[in-house]
Protein chains: 2
Amino acid sequence: MSIREVLPELEKILGDRLSLSKSDLANHGRNETHFAPASPDAVVYPETTGEVSQIVKVCAARGCPVTGWGAGTSLEGHALAVKGGVVVDFQHMNKVLRISPEDMDVTVQPGITREDLNRELRSTGLFFPVDPGANASLGGMAATRASGTTAVRYGTMRENVLGLQVVLADGRVIRTGTRARKSSAGYDLTGLFVGAEGTLGLLTELTLRLQGQPEAISAAICAFDDIGPAVQTVIQTIQMGIPMARIEFVDATTAAAFNSYAGADMPETPHLMVEFHGSDAGVAEQAESFGTIVTEMGGQGFRWSARTEDRTALWTMRHNAFYACLSLRPGASALVTDMCVPISRLADAVEETRADIARASIPGPILGHVGDGNFHAILLVEPNNIAEMEEARALAHRMVGRALRMGGTVTGEHGIGMGKLDYMEDEHGQAWDVMGEIKRTLDPGDLMNPGKLVRQP
Amino acid sequence: MSIREVLPELEKILGDRLSLSKSDLANHGRNETHFAPASPDAVVYPETTGEVSQIVKVCAARGCPVTGWGAGTSLEGHALAVKGGVVVDFQHMNKVLRISPEDMDVTVQPGITREDLNRELRSTGLFFPVDPGANASLGGMAATRASGTTAVRYGTMRENVLGLQVVLADGRVIRTGTRARKSSAGYDLTGLFVGAEGTLGLLTELTLRLQGQPEAISAAICAFDDIGPAVQTVIQTIQMGIPMARIEFVDATTAAAFNSYAGADMPETPHLMVEFHGSDAGVAEQAESFGTIVTEMGGQGFRWSARTEDRTALWTMRHNAFYACLSLRPGASALVTDMCVPISRLADAVEETRADIARASIPGPILGHVGDGNFHAILLVEPNNIAEMEEARALAHRMVGRALRMGGTVTGEHGIGMGKLDYMEDEHGQAWDVMGEIKRTLDPGDLMNPGKLVRQP
């Protein structure tokens with residue numbers, strides 16, 4: 001590829017929305033975690049699907065890589081242009097195109113963030129439930145098949161994207177899905193592009209399923225002496241069919257981080273943070289059933305709050321957990337792991353991981369969306385300390401092995417990006433080859449976010 | 001292809017589980033609706049995934065088509081071997097391989113039927129919720145992305161298949177998905193094979209999500225003077241966030257069919273049949289809220305029943321609706337339509353369809369899973385009456401156009417099979433080409449259920 005040949009053509013399309021400024025290139029070469037920066041050769045800011053299609057056509061003709069960029073909040077370096085080329089930043093494509101309150105769905109452009117979308121929805125009594133914590137863009141959330149605290153109730157992006165508009169690797173624009181709630185009309189292309197991490201095309205419109213604001217919401221936090229009873233509480237709650245909207249685990253180290261970073265006043269022991277959505281009577285019943293389990297398991301300090309400000313404070317603290325944990329070691333870089341296992345193995349998985357980290361020299365708070373069997377360790381390393389980085393990688397490597405041995409996945413919600421490529425064969429075996437065959441069919445030039453997801457040539 | 005070359009090799013693998021008997025070929029050439037019979041050249045009854053892989057390899061080497069066969073309950077002729085070749089009947093591969101009550105999942109072979117699976121699950125307190133009415137095989141349900149009465153609460157096969165074992169067109173055996181509840185590890189191959197109608201490979205194992213038997217179940221049926229208020233009741237119930245487990249619409253003609261076929265004593269007007277699952281208090285609250293809406297909408301004869309025998313009678317009647325409607329015109333063949341539209345368009349869709357059928361000379365009861373915006377007309381024609389068949393096709397054609405115009409899909413749950421191939425381009429545009437590209441990549445010889453789903457050469 002010759003970027004020099006591409007630039008004049010991109011400039012014709014985009015004018016000053018083609019950027020070569022050093023700071024712009026550097027900003028689009030960074031990531032939230034420990035991966036080495038990788039700046040693109042150019043950044044473009046399209047305003048329409050037509051422009052995105054033109055950009056892709058120009059790049060395809062010259063063999064220039066194209067990588068999408070949403071809010072840059074990925075934890076696995078998905079949007080790093082590791083082969084150079086053009087980064088397509090969707091920040092100008094951030095509109096709500098249509099809201100249908102009666103159908104409880106919405107069509108948006110990919111650059112809108114989760115918080116902006118929910119702000120625009122507020123007056124309708126509806127909300128978009130998928131909540132990965134970070135204020136990610138919806139395009140990025142779809143591309144990485146994001147989930148987060150509410151997946152236990154409302155599902156992940158897989159369940160909440162009804163349809164897409166996609167610019168393919170040759171610039172063709174297709175629509176997948178319909179506005180019907182279900183369909184049996186052929187291959188589930190929507191599902192294929194959700195989670196494809198931009199390697200099969202760029203998402204330019206998303207139709208999303210919405211939820212009604214619940215009549216009542218109640219949240220609580222409770223402390224446990226140990227990990228075991230906390231996880232057992234989760235398992236029993238699931239098995240009793242109590243419909244949690246969120247159920248989050250944080251370990252003692254994370255509780256300590258909340259105390260120092262967010263001024264919380266928590267015992268420095270494992271906690272569960274939980275929320276129920278429903279009718280007044282339903283939420284009260286669920287809270288009571290859950291409270292009984294907590295008490296049986298020896299949980300303490302348990303109290304409900306239906307007050308909005310208390311809940312906001314609770315979930316803001318949880319959402320900032322990543323930064324709270326980072327603050328445990330000023331200047332540290334984070335290697336964030338993302339195991340997801342069958343619920344029956346969750347207690348083993350968390351306890352083995354905890355014990356493994358306890359033997360290491362680096363701190364590694366554990367927290368996660370335990371209702372899905374999904375949890376993270378945030379391994380805090382000095383950025384230039386090679387020995388520490390090796391130790392973190394070895395811990396992460398053992399966690400991946402543990403997840404697979406237990407019938408789980410190497411990434412519950414963060415995606416592959418730069419961090420999990422080496423484990424795709426272990427998880428998928430020959431099915432990974434099938435992913436490669438699909439990639440080569442839809443992107444024969446290997447130009448859409450190259451270096452990611454499939455076996456590398 | 002030369003079937004003569006394939007047969008001796010298949011016999012080596014299968015012995016007397018290779019059948020060429022006329023009755024067997026005829027039985028596997030039939031379908032439940034109006035499509036012309038199409039017998040295969042041979043039927044095989046494998047007992048293991050290894051045998052399926054060997055069968056496919058033998059057929060691939062000789063260019064012989066391979067079509068899977070579950071319970072034969074498809075309404076769109078999916079399993080008709082329209083290009084001849086070998087039909088793989090999975091009736092011997094009908095075991096439950098693993099139940100994990102703690103994880104609420106199960107792994108089964110594709111030939112097990114829905115009712116057999118739920119019988120085996122009964123002692124665990126769990127059940128598999130997807131319920132298309134017919135006692136279909138799980139392999140067939142996955143292949144056609146089936147849904148049915150409970151999708152409004154529990155989702156379709158898309159949401160309930162966690163993972164698959166698949167024999168690909170070249171005989172390779174892959175596994176997709178894991179036993180974790182969610183994953184971001186690459187392309188959603190599980191989702192790609194679910195709904196692929198056997199055109200990309202044969203499903204040989206399925207891992208399915210289970211649900212806990214609800215503490216309380218309550219069902220009811222109520223009559224309306226007209227379609228409008230019945231559909232408005234559905235819309236309001238959805239918008240109030242009342243969690244229905246089922247909400248089914250039947251029109252006046254279907255009510256008449258129930259009276260004559262099942263000895264029901266219903267007013268011959270539109271009805272809703274509804275069911276709630278939850279705690280005792282939750283179900284009572286939901287029933288009360290729903291009752292208020294029904295009363296406001298002028299619904300009548302409304303009463304709840306939590307008695308198992310009443311509910312069983314109600315849903316048995318609903319499940320036999322297809323046969324009840326067939327009995328309205330003895331000797332008739334059915335052309336069954338399958339529109340699914342956004343909820344906001346449901347009343348228009350049903351009423352326009354009703355009016356269109358009223359102008360026709362053939363009967364066409366309407367019923368459906370209205371909580372998803374999905375409904376069917378069962379158009380009853382004399383099998384050899386060409387004028388009637390043309391009239392039915394014209395009605396069905398207008399319904400498809402109506403579904404697409406309203407932002408919906410040409411098939412909510414029955415699939416494409418022989419009946420919807422001509423509408424794939426209308427629904428998907430260039431995205432249909434992408435389906436063809438995927439098909440050619442994974443099945444370059446066009447041997448897996450050829451003649452279906454993608455644009456035909």
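We name chains A, B, ... by the order of the sequence lines, and we start the count at 1 in each one.
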I99(B) and V106(B): which non-hydrogen atoms are nearest, and at how many Å?
CG1-CG2, 3.9 Å
Which one of G241(A), G373(A), A196(A), S100(A) has the most heavy-atom pairs closer than 4.5 Å to chain B?
A196(A)
Can R209(A) and E159(A) be counted as an ion pair, charged N to O under 4.0 angstrom?
no
Could you pull out the closest heavy-atom pair between C340(A) and R181(B), with the gap in Å?
SG-N, 4.3 Å
Should we say atom CD of E288(B) is surrounded by more than 12 heavy atoms from elsewhere, each under 6.0 Å from it?
no
Mind listing the closest non-hydrogen atom pair of K182(A) and T409(B) along with its distance?
O-CG2, 3.4 Å
Could you check which of G282(B), S279(B), S289(B) has the highest count of heavy-atom pairs closer than 4.5 Å to chain A?
S279(B)
Nearest heavy-atom approach of P101(B) to Q239(A) is O-NE2, 4.2 Å
Contact leader toward chain B among G155(A), G186(A), G191(A), where contacts are heavy-atom pairs under 4.5 Å
G186(A)
Any side-chain heavy atom of M157(B) within less than 4.5 Å of one from S184(A)?
no
Is chain A contacted by the side chain of E437(B), its backbone, both, or neither, given a heavy-atom distance below 4.5 Å?
both
Any idea which of L192(A), T190(A), I242(A), D188(A) has the most non-hydrogen atom pairs under 4.5 angstrom with chain B?
D188(A)
Which atoms of E285(A) are under 4.5 Å from chain B, going by heavy atoms: the side chain, the backbone, both sets, or neither?
side chain
Quick one about Y423(A) and T411(A) (side-chain donor to acceptor, distance below 3.5 Å, no hydrogens or angles considered), yes or no?
no
Assert top hit (heavy-atom pairs under 4.5 Å, partner chain B, pool L404(A), L346(A), L126(A), L200(A)) equals L200(A)
Holding to ring pair (Phe, Tyr, Trp, His ring centres under 6.0 Å), I want the full list of residues that pass it with F276(B), two or more places apart in sequence or in another chain.
F290(B), W304(B)
Test applied, side-chain contact (heavy atoms from CB on, under 4.5 Å); reference residue, V410(B); option that passes from M399(B), K420(B), M339(B):
K420(B)
Check this for me: does any side-chain nitrogen of one of E102(A) and R179(A) sit under 4.0 Å from a carboxylate oxygen of the other?
no
Go through the atoms of I416(A) and report whether side chain, backbone, both or neither lie under 4.5 Å from a heavy atom of chain B.
both
Relative to chain B, which of L189(A), I438(A), T199(A) shows the most heavy atom pairs under 4.5 Å?
L189(A)
So do the side chains of V454(B) and Y187(A) get within less than 4.5 Å of each other, counting heavy atoms only?
yes
Is it the side chain or the backbone of M435(B) that comes within 4.5 Å of chain A heavy atoms, both, or neither?
both
Given heavy-atom pairs under 4.5 angstrom as the criterion, report whether the side chain, backbone, both or neither of K439(A) touches chain B.
both
Applying ring pair (Phe, Tyr, Trp, His ring centres under 6.0 Å), can you list everything that pairs with H369(B), at least two apart in sequence or on another chain?
H376(B)
Which residue out of R172(B), M240(B), R175(B) racks up the most heavy-atom pairs below 4.5 Å with chain A?
R172(B)
Honestly, the part of Q430(A) sitting under 4.5 Å from a heavy atom of chain B is both
Close side-chain approach of T337(B) and H414(B), heavy atoms under 4.5 Å:
no
Which residue out of G177(A), G212(A), P342(A) racks up the most heavy-atom pairs below 4.5 Å with chain B?
P342(A)
Closest non-hydrogen atoms of I343(B) and D372(B), given as atom of the first, atom of the second and distance, are CD1-C, 4.2 Å
With chain A as the partner, which of S344(B), P243(B), G278(B) has the greatest number of non-hydrogen pairs under 4.5 Å?
S344(B)
Inter-chain contacts: residues 142-154 of chain B against chain A, heavy atoms under 4.5 Å:
T144(B), R145(B), S147(B), G148(B), A151(B)
Could you tell me which residues in residues 160-169 of chain B have at least one non-hydrogen atom under 4.5 Å from a non-hydrogen atom of chain A, sorted by residue number?
L168(B)
Chi angles and distances behind the side-chain contact (heavy atoms from CB on, under 4.5 Å) call for F193(A), T176(A):
CA-CA 9 Å; F193(A) 287 104; T176(A) 71; 4.3 Å; yes
Atom group of N374(A) that falls short of 4.5 Å from chain B, counting heavy atoms:
side chain
Give the minimum heavy-atom separation between Q286(B) and H277(B), together with the two atoms involved.
OE1-O, 4.0 Å
Quick test of your reading of the model: are R98(A) and D105(A) salt-bridged, counting only N-O distances below 4.0 Å?
yes
If I measure from the heavy atoms of chain B, does R158(A) come under 4.5 Å with its side chain, its backbone, both, or neither?
both
